[in-house]
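The structure appears below as structure tokens.
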Amino acid sequence: MASLRIGEALREAQQRLAARSDSARLDAEWLLGHVLDLTRAQLFTREQQCLSEAEWHRFEALVQRRARGEPVAYLTGEQGFWTLRLKVGPAVLVPRPETELLVERALAVLQGRAAPRIADLGTGSGAIALALAAERPDATVVATDADADALAQALANAQALGLTRVQFRHGHWYEPLRGERYDLLVSNPPYIARHDPHLAALSHEPLVALSDGADGLRCLREIVAGAAEHLEPGGHLLVEHGYDQGEAVPALLAAAGFADIRMWRDFGGQPRVTGGSMAQPRV
Ligand code: GLN
């Protein structure tokens with residue numbers, strides 16, 4: 001096996017991963033690129049290069065773990081999100097491309113607003129808070145999480161990216177924001193219902209980051225309900241939600257007194273982000 005070439009190794013891994021992953025080729029490329037410290041383009045131009053036995057063993061071990069369902073991001077320890085490379089481990093949800101829609105809508109809301117104050121609730125890897133901080137150097141960004149391990153991961157990302165202005169605070173949703181108001185509240189909370197069959201395929205990621213243990217709307221209700229107390233007049237709330245919550249979440253915002261309520265679909269055409277503004281927040 002010591003003479004296995006890059007091209008062969010990739011083809012073999014792709015075949016083994018096909019049953020488990022619908023991006024088997026890409027997964028194999030990310031994993032081998034990680035082992036060899038090469039980009040995917042570099043792999044492509046070195047198909048004939050032989051792997052050493054040690055490299056082959058390391059690749060083999062990663063392919064086996066991927067075949068058992070571990071996300072590629074946990075195996076390589078990183079994931080691209082927006083313009084950033086984030087470190088991710090099993091304490092945090094792997095940032096999804098759908099969540100970039102939330103970042104995009106947040107930047108649109110902030111346009112023309114100088115030095116905005118932003119809070120990200122349940123920040124996980126820090127993906128949303130860090131993307132917004134990177135785009136808006138004039139913003140004050142605070143990110144909360146109830147999980148200390150997730151916060152440590154987010155903090156490590158902030159430091160690695162030099163985005164040390166972002167403040168990380170430990171606590172449940174608004175708990176660490178007592179008495180404070182923001183121009184924009186953003187969140188990608190756990191929104192998968194307890195009995196949703198999709199959870200089975202996500203078993204390597206932290207369940208508390210995926211499911212609310214209830215009907216899928218429990219955390220979204222808490223976040224919407226607490227928003228008025230933490231928004232400046234005219235401030236906005238933007239939340240990510242499930243594909244099947246495109247009516248329920250706008251209704252929650254309406255019931256809480258939000259105006260200008262809008263729902264956006266992700267690139268797959270699924271309802272994914274809802275936002276609204278609060279003209280006169282409660283005192
Ligand atoms: N979008 C994720 C998924 O369905 C869930 C993220 C979340 O619960 N916040 O895989």
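Counting starts at 1 for both ligands and their atoms, in listed order.
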Closest protein heavy atom to atom 4 (O) of ligand 1, given as residue, atom name and distance to 0.1 Å: I192 CD1, 3.8 Å
In this structure, atom 1 (N) of ligand 1 is nearest to the protein heavy atom Y191 OH, 2.9 Å
H204 to R68 - nearest heavy-atom pair and separation: NE2-O, 3.2 Å
Minimal heavy-atom distance between L220 and E240, with the atoms involved, is CD2-O, 3.6 Å
Identify, by atom number and element, the atoms of ligand 1 in contact range of [X], meaning under 4.0 Å from any of its heavy atoms.
| X | value |
| --- | --- |
| L93 | 6 (C) |
| P190 | 8 (O) |
| P189 | 7 (C), 8 (O), 9 (N) |
| E240 | 1 (N) |
| N188 | 7 (C), 9 (N) |
| L210 | 5 (C), 8 (O) |

Answer yes or no: are there more than 12 heavy-atom neighbours, outside D37 itself, under 6.0 Å from its atom CG? no
Salt-bridged, E232 to R113, with N to O below 4.0 Å? no
I'd like to know if R96 pairs up with E205 as an ion pair, taking the criterion as any Lys NZ or Arg NE/NH1/NH2 lying under 4.0 Å from an Asp or Glu carboxylate oxygen. yes
Between ligand 1 and R96, can you find any atom pair, the residue atom being a heavy atom, that is separated by under 4.0 Å? yes
With a 4.0 Å cut-off on heavy atoms, is A209 in contact with ligand 1? yes
Pair E135-W82, side-chain donor/acceptor within less than 3.5 Å: yes
Could you tell me how the ring of H230 sits relative to the ring of Y174: parallel (under 30°), tilted (30 to 60°) or perpendicular (over 60°)? parallel
